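Letters go in sequence order (proteins before strands), and every chain restarts at 1. If you're wondering where the values come from, they're calculated on a predicted model, not measured in any experiment.
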There are 2 protein chains.
Amino acid sequence: MQTLLQFIRSHPDRAVLENGWGKNNFSGLSAKIYKAHSVVCRQGDDDDRIFLIKSGWALLYRDLLNGERQIVDTPLQGEIIGFRRTEGPRFESLSAITDLAVFDVSRKELSEAVFAGGELAQEVAYFLARLNGIMAEHIVNIGRRNAITRTAHFLLELEKRLSIAGLSAQGRYACPLTQHDLADILGMTAVHVNRTLRELRRADLLSFKAGKVQLIDRKKLVKMAGFDDEYLRYDL
Amino acid sequence: MQTLLQFIRSHPDRAVLENGWGKNNFSGLSAKIYKAHSVVCRQGDDDDRIFLIKSGWALLYRDLLNGERQIVDTPLQGEIIGFRRTEGPRFESLSAITDLAVFDVSRKELSEAVFAGGELAQEVAYFLARLNGIMAEHIVNIGRRNAITRTAHFLLELEKRLSIAGLSAQGRYACPLTQHDLADILGMTAVHVNRTLRELRRADLLSFKAGKVQLIDRKKLVKMAGFDDEYLRYDL
DNA sequence: CGATATGTTGAATACGGTCAAAAAGTGTGG
DNA sequence: CCACACTTTTTGACCGTATTCAACATATCG
């Protein structure tokens with residue numbers, strides 16, 4: 001049995017406090033497991049659940065009328081998905097790309113927990129604020145960087161976020177995204193992602209093979225992408 | 001004298017509740033006025049203030065090393081800007097494009113207010129969640145829509161947000177953005193924004209002249225842009 | 001009225017997209 | 001363990017949307 005606050009606290013990409021107990025008593029969180037490549041919830045569904053990623057990778061995206069999709073968030077462990085004021089149809093879909101363990105809480109329940117205040121309310125607000133920063137940088141990335149620097153920036157961001165969660169070391173991490181996924185994150189085509197990764201590899205900047213990313217020349221990557229990890233900070 | 005909750009509540013693009021009083025007593029909010037085209041705070045500044053737009057238009061953006069910028073948010077009245085967990089240098093700049101009235105609150109003060117819970121904490125969380133939705137749609141817009149549909153989508157979004165705030169009627173609203181600003185919102189060049197607006201005008205879809213937007217064929221615009229205003233809802 | 005910002009247009013270019021085909025990798029069942 | 005199907009990656013040739021650069025027109029403001 002795990003309270004929501006404990007959950008939030010115990011997922012280091014998102015929240016850092018490691019001791020203490022919350023005042024809010026959730027009924028206890030039990031995780032559901034979704035198979036890799038299954039859809040957790042679908043755009044247009046009329047359900048109320050808020051998801052908390054326990055482990056695994058997921059993608060949050062919107063499907064467009066012409067069959068394309070745009071991924072708007074790449075939640076790692078600890079992320080809260082689907083919190084909002086109103087009821088009504090979901091605006092985005094959530095897919096598991098690896099086996100995925102998620103908790104779900106109802107909108108009402110989380111709302112009431114925020115109303116109750118305390119560290120949980122703070123953590124929720126902090127989490128949402130940090131996500132705002134990540135999304136803002138996503139906008140900058142797609143809006144104003146070219147294919148190479150855009151791709152480099154995203155892979156640097158992933159490395160930082162994963163290393164906070166202890167899932168990356170020496171610039172090396174497992175990344176289950178396909179080039180097609182990457183394209184839908186970066187607002188490019190899969191073909192061009194392929195060519196861009198080739199360029200990065202040929203310039204000895206990074207390699208992305210068989211689900212593993214290796215940053216080779218991090219310094220040069222950071223410079224060319226204008227990467228400043230301030231927006232990913234979660235400490236203090 | 002105005003409490004923060006009253007403030008949040010009284011700005012209809014962002015929050016809807018209109019009656020009742022908060023439990024949190026802010027020291028009272030007094031607005032500062034910034035002249036059109038002045039910079040309210042600058043990326044890299046080491047201050048803690050959180051801004052609440054009282055009236056006027058502002059732009060939140062990041063400057064890149066090559067001199068370009070990307071606007072990540074177009075705050076209207078009622079928006080909260082700069083809330084986050086950590087101290088440290090600001091990640092984005094905020095500029096006034098019209099004369100602008102803003103309140104500011106310290107990060108610590110707002111954090112404590114959220115800790116105290118109640119409707120204020122809820123409103124803050126709801127606000128952040130809604131902003132997340134708007135930013136997600138911004139990502140979709142830049143990542144997967146072409147110049148025309150992208151521009152149309154943004155102008156439809158503005159119309160909806162402004163009409164919620166009572167600042168648009170019959171598809172007509174004042175919009176103080178220059179084509180250059182629009183370009184920095186949409187991830188395009190100013191030249192191409194100009195051509196795109198010309199196309200929209202020639203197709204009798206909308207006009208944007210002298211700071212006024214007039215949606216002419218809203219139905220067609222909505223269809224071509226795939227505009228679904230669900231993410232802008234604030235009611236219930 | 002002059003200065004500066006904003007809007008408009010044209011011509012040339014480039015970056016990334018499209019379409020098509022093949023190679024390499026992955027997983028499943030026999 | 002292999003055969004087969006399917007997904008993912010890779011490459012080539014061609015194309016189109018949006019950028020770049022440059023010039024000029026029009027607004028706006030002191």
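Remark: B:Asn146 engages B:Ile148, B:Thr149 in a side-chain contact (heavy atoms from CB on, under 4.5 Å) (not counting sequence neighbours). With sequence neighbours excluded, the residues satisfying side-chain hydrogen bond (donor to acceptor under 3.5 Å, both in side chains) with B:Ser168 are B:Glu159. B:Asp63 meets the side-chain contact (heavy atoms from CB on, under 4.5 Å) test with B:Gln43, B:Tyr61, B:Arg69, B:Ser93; sequence neighbours excluded. The side-chain hydrogen bond (donor to acceptor under 3.5 Å, both in side chains) test applied to A:His153 returns A:Glu137, A:Arg145, not counting sequence neighbours. With sequence neighbours left out, the side-chain hydrogen bond (donor to acceptor under 3.5 Å, both in side chains) criterion links B:Lys220 to no other residue. For the side-chain contact (heavy atoms from CB on, under 4.5 Å) test, residues two or more places apart in sequence or in another chain that qualify with B:Val40 are B:Tyr34, B:Phe51, B:Leu94, B:Leu100. Under the rule for a side-chain contact (heavy atoms from CB on, under 4.5 Å), the partners of B:Asp46 that lie at least two apart in sequence or sit in another chain are B:Pro89. A:Lys223 pairs by the side-chain hydrogen bond (donor to acceptor under 3.5 Å, both in side chains) definition with nothing, not counting sequence neighbours.
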Each nucleotide in nucleotides 23-30 of chain D should get exactly one letter: B, S or -. Can you fill that in based on protein heavy atoms under 4.0 Å?
--------
Strictly under 4.0 angstrom, non-hydrogen atoms only: write out the protein contact profile of nucleotides 6-24 of chain C, one letter per nucleotide from the 5' end, B, S or -.
SSBBBB----BSBB-----
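Between its two ends, the helix from C:dC1-D:dG30 to C:dG30-D:dC1 turns its axis by 60°, counting five pairs per end and rounding to 10 degrees.
Electrostatic pairing of B:Lys160 and B:Glu230 does not count as a salt bridge here, judged by no charged N lying under 4.0 Å from a carboxylate O.
Following rounding to the nearest Å, B:Leu182 (CG) and C:dA5 (P) show an atom-to-atom distance of 19 Å. Rounded to whole angstrom, the span from the NZ atom of A:Lys35 across to the C1' atom of C:dT28 amounts to 14 Å.
Residues in residues 188-204 of chain B take part in these side chain to side chain donor-acceptor pair (under 3.5 Å) pairs, two or more places apart or across chains: B:Gln179-B:Asn194.
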